[in-house]
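Reviewing the structure listed below.
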Amino acid sequence: METLQKIIRSVLPVLKNKYMLTFLIFLVWITFFDQNNLVDRFQQMNRQEELKKEKEYYLNKIRKDSVKLHQLKTNEENLEEFAREEYYMKKENEDIFIIVEE
């Protein structure tokens with residue numbers, strides 16, 4: 001109980017100072033209530049980092065798919081292999097067996 005009273009005695013003169021009181025009110029306002037408050041800004045910064053990582057992922061995926069598309073357009077063997085693997089296409093005298101591994 002004495003420690004609480006000591007803390008109150010040390011803080012009370014600081015709060016009586018009008019400049020410190022104004023600064024504390026300003027700090028609380030900026031942190032929580034302002035349109036561009038600090039809490040929202042930190043959340044936006046985190047979201048921005050997530051979006052940057054997502055952008056990099058999709059750019060890499062676009063590069064890989066562009067290379068694969070170029071290979072499919074230029075090489076008939078790649079196109080046939082892709083059609084057989086992805087769409088299970090076959091020649092007329094062939095049978096296809098699909099093996100699903102669990």
Side-chain angles (χ1 to χ4, degrees):
M1 197 67 173
E2 282 185 24
T3 57
L4 182 62
Q5 289 177 351
K6 287 181 181 180
I7 293 172
I8 290 174
R9 285 188 203 137
S10 65
V11 171
L12 193 61
V14 172
L15 290 178
K16 286 185 178 181
N17 184 343
K18 65 182 181 182
Y19 299 110
M20 279 303 283
L21 187 63
T22 305
F23 176 73
L24 288 175
I25 291 172
F26 174 74
L27 190 64
V28 168
W29 181 264
I30 289 296
T31 306
F32 298 107
F33 302 114
D34 192 43
Q35 181 181 3
N36 298 318
N37 62 44
L38 294 177
V39 175
D40 286 344
R41 289 184 62 86
F42 284 123
Q43 290 173 350
Q44 289 173 357
M45 286 171 47
N46 289 337
R47 177 72 176 136
Q48 184 179 12
E49 290 300 318
E50 290 173 8
L51 290 173
K52 283 181 182 178
K53 290 177 184 176
E54 198 173 308
K55 178 183 173 185
E56 282 300 315
Y57 168 76
Y58 284 116
L59 286 175
N60 287 334
K61 189 162 177 60
I62 288 171
R63 281 188 214 109
K64 289 177 185 176
D65 288 345
S66 296
V67 168
K68 191 170 188 177
L69 180 65
H70 178 70
Q71 288 175 349
L72 292 175
K73 285 183 177 180
T74 57
N75 191 344
E76 194 70 30
E77 291 174 6
N78 286 341
L79 181 60
E80 184 178 338
E81 179 183 339
F82 178 78
R84 286 171 175 258
E85 289 176 359
E86 296 294 322
Y87 298 108
Y88 308 115
M89 294 184 171
K90 65 180 184 98
K91 293 182 182 178
E92 287 206 22
N93 58 352
E94 287 182 328
D95 291 327
I96 294 180
F97 298 99
I98 300 172
I99 301 171
V100 179
E101 295 181 13
E102 294 180 16

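As a basis for the values below, the full set of heavy atoms in this structure was taken, side chains included, without hydrogen atoms, waters or symmetry mates. In this chain, numbering begins with 1 at the start of the sequence shown.
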Query raised in the report: Does atom CZ of Arg84 have more than 12 heavy-atom neighbours from other groups under 6.0 Å away?
Result: yes

Query - Glu77 atom CD, neighbour heavy-atom count above 12 within 6.0 Å - result: no

Spacing of [X] atom [atom1] and [Y] atom [atom2] [to the nearest 0.5 Å]:
| X | Y | atom1 | atom2 | result |
| --- | --- | --- | --- | --- |
| Glu49 | Glu54 | CD | CD | 13.0 Å |
| Thr3 | Ile8 | OG1 | CD1 | 9.5 Å |
| Ile30 | Arg41 | CD1 | CZ | 10.0 Å |

Side-chain donor-acceptor pairs of residues 55-69 under 3.5 Å, sequence neighbours excluded:
| unit_1 | atom_1 | unit_2 | atom_2 | d |
| --- | --- | --- | --- | --- |
| Asn60 | OD1 | Arg63 | NH1 | 2.5 |
| Asn60 | ND2 | Glu56 | O | 3.3 |
| Ser66 | OG | Ile62 | O | 2.8 |

Side-chain donor-acceptor distances from residues 10-26 under 3.5 Å, at least two apart:
| unit_1 | atom_1 | unit_2 | atom_2 | d |
| --- | --- | --- | --- | --- |
| Ser10 | OG | Lys6 | O | 3.3 |
| Ser10 | OG | Ile7 | O | 2.8 |
| Asn17 | OD1 | Tyr19 | N | 3.0 |
| Thr22 | OG1 | Lys18 | O | 2.6 |

Query raised in the report: Less than 4.5 Å apart, any side-chain heavy atom of Glu80 and any of Glu76?
Result: no

**Report entry** Non-hydrogen side-chain atoms of Phe32 and Asn37 separated by less than 4.5 Å
**Finding:** no

Report task. Check Asn78, Leu72, Leu79 against Asn75 for a side-chain contact (heavy atoms from CB on, under 4.5 Å) and give me the one that passes. Result -> Asn78

Report task. Applying side-chain contact (heavy atoms from CB on, under 4.5 Å), name anything that partners Arg47, two or more places apart in sequence or on another chain. Result -> Glu50, Leu51

